[in-house]
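These values consider heavy atoms only, across backbone and side chains, with no hydrogens, waters or symmetry-generated copies. As the structure lists them, so they are numbered: ligands from 1, and atoms in each ligand from 1.
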Amino acid sequence: MSTAFLITGATGLIGFRILLTTLAAGHKVRYTARSEDKARIISSNPAVRKLAPGDRLSSVVIPDFAAEGAFDSALEGITHVIHVGAPVPMPHYDPVAQVFEPTVKISAGLLASALKTPSVQRIVITSSIVSNVGLTPPPTAVFASTRVPLPPVPSTFDNVFEAYVMAKMVEVHNSDEFVRTQNPSFTVSHVVPGYTIGRNELVHDAAMMQTQNSSNNFMMVGMLGGELPMAIHGCFAHIDDVAETHLRVALLDPKAEGPTDFGIATEVDYATIFDHVEEAFPKAVAAGVFKRGKVPTLPTKYDSSDAKRLLGGKLKSFKEAVVDVAGQYLEQLGIEKE
Ligand SMILES: NC(=O)c1ccc[n+]([C@@H]2O[C@H](COP(=O)([O-])OP(=O)(O)OC[C@H]3O[C@@H](n4cnc5c(N)ncnc54)[C@H](OP(=O)(O)O)[C@@H]3O)[C@@H](O)[C@H]2O)c1
């Protein structure tokens, strides 16, 4: 049977890049969106049109991903699923209703729908390194296969980030449990990125670069003179590597020996953001377009050698990621990249 992908979360930074990578590799892709308007934005995006996918690309609107049976019809005829669609923690979100519950419920609902769909062979779920390190990173490196013992799940959280970490921890535990107890005919893997940085083809103005750019928002703080009030995990992944890893993991032979989950996170000190920008774009720095900001780093050790092997031995550098974001910002401002 030829491949047919379902991608959730294609209206966001990581999912959209996976959509482009999967289409560029010649596959048939159906993606989910929460509204017709959002689907139109995706299908009409210039980066999609450039690939001229024709009838290889289709969309399905699911207003509530967490509703019972939400994915039943979306999965018909699908062989491979890449499930990216889950919230990233925004300060104004309700920690339980908008972060914890959707993360856990959507993934469980998707797996339950897939159990009823014989065409599904493989499911890849996007997790996060916080599922392996928990709230406080341990002193030694962790792996994608590391599972933090689950504490009792509280009914409320102090903040959205705590809700996010707990949601990601519970999601991997629940998916492991699902595979152990349901014996599905498909296989399940997690791809586990660090802070994901790089070009975002969904952005179309300079303001969006800073506000609707997921994890890239933090890079913008570091290069536009802002100050982040809290430290973030010091492990990053270049978006090109993140997208490629998802596709390669999805296409792995499910019967092959080897790891199930693949972490992709390289240690970094965010104090270097501005140094990379200064080196790549000295004229824009001299003109005051970029200014040194403060993004505190929470030192985190992570071993992503499995993903590195999968990608042929090399991961893209933090410098490349920062320069890609800064370069896209200059493009949006209409300033030459010198
Ligand atoms: N960015 C990172 O640094 C990073 C690192 C590790 C893991 N991840 C994981 O990668 C995934 C995507 O992150 P991203 O950076 O691409 O974030 P993003 O740009 O904010 O995109 C999030 C995507 O998930 C969808 N989504 C969010 N809440 C939803 C809900 N309640 N119901 C249905 N769909 C929902 C969004 O749909 P709408 O457009 O409709 O809102 C969007 O398509 C998340 O699982 C995140 O935890 C991200």
Go through the steps for Lys168 and Glu171 under the test salt bridge (charged side-chain N to carboxylate O under 4.0 Å, His left out), then give the verdict. CA-CA 5 Å; Lys168 290 299 195 195; Glu171 191 285 316; over 6 Å; no
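The existence of a salt bridge linking Arg147 and Asp261 is confirmed by a sub-4.0 Å separation between a basic side-chain nitrogen and an acidic carboxylate oxygen. Between Glu331 and Arg199 there is a salt bridge, since a side-chain N of the basic residue sits under 4.0 Å from a carboxylate O of the acidic one.
Each ring-ring contact (aromatic ring centres under 6.0 Å, His included) pair with one or both residues in residues 110-151, not counting sequence neighbours, would appear here, but there are none.
Using modelled atom types, one finds no donor on one side chain facing an acceptor on the other under 3.5 Å when comparing Ser35 with Asp37.
Ordered by chain and residue number, the residues placing a heavy atom less than 4.0 Å from ligand 1 are Gly9, Thr11, Gly12, Leu13, Ile14, Arg34, Lys38, Phe65, Val84, Gly85, Ala86, Pro87, Val88, Pro102, Ile106, Thr126, Ser127, Ser128, Tyr164, Lys168, Pro193, Gly194, Tyr195, Thr196, Ser214, Ser215.
The aromatic rings of His233 and Phe161 lie tilted to each other, with the angle between the two planes from 30° to 60°.
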